[in-house]
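Shown next, in structure tokens, is the structure this report addresses.
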Amino acid sequence: MPAAKRTSVAAPVSVRPLAEPDLDRADEIFRVAFGTFLGAPEPESFFGTADYVRTRWAADPHAAFAATVGGEVVGSNFAADWGSVGFFGPLTVRPDLWDQGIGRHLMEPVMACFDTWENRHLGLFTFSHSPKHLELYRRYGFWPRFLTAIMKKQVAVTAAVPGRVLYGELTAAERPGALRLGRALTGAVYEGLSLEREITATQAQGLGDTVLLEGAGSGLDGLAVWLSATAEPGRRPVGTCASSNSAPYAPARAPRTGSNGC
């Protein structure tokens with residue numbers, strides 16, 4: 001964004017919990033920020049019907065934060081507790097207020113969440129080609145790890161997969177057992193990792209479902225949290241998966257660890 005279009009922060013920056021009445025404004029800033037950075041012709045419509053802000057807030061309202069200037073919301077950030085793993089994002093700031101330290105303000109409560117949750121491995125995704133993004137997160141101990149490939153495939157109707165169970169088709173009595181098996185599987189991938197919050201949030205918000213692949217014994221061979229094309233319009237979660245032969249997370253932040261991607 002040209003410097004002439006920047007606005008100086010004339011009032012102190014405050015950070016507080018992101019409240020439900022803030023979501024429309026936070027969503028607008030999220031779209032414009034990503035769209036502006038990536039040069040979209042209509043940044044306000046970037047991401048289309050996808051709704052990262054409301055879904056992340058609904059997953060854990062206590063881990064969602066707003067930055068305000070003069071009482072107006074100018075940015076937001078979200079933390080996620082996956083057991084021994086902590087994750088955060090999207091972190092977005094109103095474009096005309098970029099490069100004035102608001103991102104650092106939004107990092108403080110997220111790092112406090114990780115301290116409270118006692119996560120051992122911390123991670124995020126950011127723009128690998130952006131020095132300012134990398135430097136912001138380096139200040140908090142995060143170092144670049146992998147360039148993450150984002151891939152797509154046209155889905156075709158195929159024969160049923162043996163041993164495949166959908167979490168959403170389980171009865172209320174069966175779901176706690178499925179979550180317990182899921183924790184055992186993700187714990188084998190990385191000790192203490194739990195995707196239970198993502199599984200239950202996806203189900204509760206009508207975003208999609210979770211595929212559970214039954215193993216030869218009593219456990220699971222794999223699971224995947226996925227977004228259904230027929231899910232409620234305007235809803236899109238972060239997809240996650242795990243399998244019994246997945247490689248464990250690699251350390252990138254000490255003494256706790258983190259990763260950096262797209």
Side-chain angles (χ1 to χ4, degrees), residues 15 17-18 26 30 34 47 50-66 75-92 103-104 106-128 133-134 136-150 179 182-183 185-202 204-205 207-208 210 223-227 236-243 246-262:
V15 176
L18 184 70
F30 160 75
F34 271 94
F47 283 113
D51 191 346
Y52 289 91
V53 167
R54 290 178 180 81
T55 55
R56 295 319 307 164
W57 181 85
D60 189 356
H62 300 293
F65 303 96
S76 61
N77 197 8
F78 303 83
D81 180 11
W82 295 348
S84 61
V85 176
F87 187 85
F88 73 90
L91 188 165
T92 52
R104 293 198 299 274
L106 284 166
M107 283 297 299
E108 297 299 334
V110 164
M111 299 306 293
C113 282
F114 296 149
D115 286 336
T116 299
W117 297 334
E118 298 183 340
N119 309 114
R120 300 193 304 274
H121 183 110
L122 306 181
L124 70 141
F125 292 97
T126 192
F127 297 103
S128 60
H133 284 82
L134 298 178
L136 169 62
Y137 302 126
R138 186 201 62 77
R139 291 170 181 258
Y140 296 90
F142 295 93
W143 292 88
R145 289 284 298 170
F146 308 106
L147 291 177
T148 302
I150 301 176
L179 293 174
R183 286 195 299 272
L185 172 65
T186 55
V189 174
Y190 184 80
E191 183 180 2
L193 171 63
S194 173
L195 298 179
E196 181 174 339
R197 187 182 295 274
E198 299 301 316
I199 294 170
T200 56
T202 297
Q205 297 180 59
L207 301 171
T210 299
L223 67 83
V225 185
W226 56 276
L227 169 68
R236 183 175 183 178
V238 175
T240 51
C241 63
S243 66
S246 296
Y249 280 57
R253 184 180 188 274
R256 294 178 300 187
T257 59
S259 58
N260 179 74
C262 74

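Throughout, residue positions are numbered sequentially from 1 according to the sequence presented.
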Starting at [atom1] of [X], measure out to [atom2] of [Y] and round the result to the nearest 0.5 Å.
| X | Y | atom1 | atom2 | value |
| --- | --- | --- | --- | --- |
| Tyr52 | Phe47 | OH | CZ | 5.5 Å |
| Leu195 | Thr210 | CG | OG1 | 8.5 Å |
| Leu124 | Met107 | CG | CE | 7.0 Å |

Shortest non-hydrogen separation from [X] to [Y] and the atoms involved:
| X | Y | result |
| --- | --- | --- |
| Phe125 | Thr148 | CE2-OG1, 3.8 Å |
| Leu136 | Gly103 | CD1-C, 4.3 Å |
| Pro109 | Val15 | CG-CG1, 3.7 Å |
| Pro144 | Leu134 | CG-CD2, 4.1 Å |
| Asn77 | Leu106 | ND2-O, 3.2 Å |
| Ala79 | Phe114 | CB-CE2, 4.3 Å |

Review point. With a cut-off of 6.0 Å (strictly less than), are more than 12 heavy atoms of other residues, nucleotides or ligands near CD of Glu108?
Key: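 Counting other residues, nucleotides and ligands, CD of Glu108 exceeds 12 neighbours.
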**Study point:** For Arg197, all residues meeting salt bridge (charged side-chain N to carboxylate O under 4.0 Å, His left out), sequence neighbours excluded
**Key:**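 Scan of Arg197 (salt bridge (charged side-chain N to carboxylate O under 4.0 Å, His left out), adjacent residues dropped) gives Asp60.
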Heavy atoms, side chains only, cut-off 4.5 Å: are [X] and [Y] in contact?
| X | Y | result |
| --- | --- | --- |
| Trp117 | Trp82 | no |
| Tyr190 | Arg120 | yes |
| Leu91 | Tyr137 | yes |
| Cys113 | Asp81 | no |

Check your understanding: Okay, side chain of Ser194, backbone of Arg183: is any donor-acceptor separation there less than 3.5 Å?
Key ->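 Side chain of Ser194 to backbone of Arg183: no pair is present.
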Practice item. Indicate yes or no for a side-chain donor-acceptor contact from Ser76 to the backbone of Ala66 under 3.5 Å, with no hydrogens or angles considered. Key: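 A pair under 3.5 Å: no.
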**Study point:** Set of side chain to side chain contact (heavy atoms under 4.5 Å, CB included) partners for Ala58, sequence neighbours left out
**Key:**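 Side chain to side chain contact (heavy atoms under 4.5 Å, CB included) check on Ala58 returns Gln205.
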Check your understanding: Taking only residues two or more places apart in sequence, or in another chain, which ones meet Ala64 in a side chain to side chain contact (heavy atoms under 4.5 Å, CB included)?
Key ->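 Partners of Ala64 under the side chain to side chain contact (heavy atoms under 4.5 Å, CB included) test: Leu18, Trp57, Phe78.
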Practice item. Test side chain to side chain contact (heavy atoms under 4.5 Å, CB included) on Thr200 and Leu179 and set out the steps. Key: CA-CA 9 Å; Thr200 56; Leu179 293 174; 4.1 Å; yes
Exercise for review: Would you mind checking if Arg56 and Glu198 are paired as a salt bridge, meaning a charged N to carboxylate O distance below 4.0 Å?
Suggested key: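 Yes, Glu198 and Arg56 are salt-bridged.
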Review point. Centroid-to-centroid, Phe88 to Phe65, below 6.0 Å?
Key: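 Ring centroids of Phe88 and Phe65 are no less than 6.0 Å from each other.
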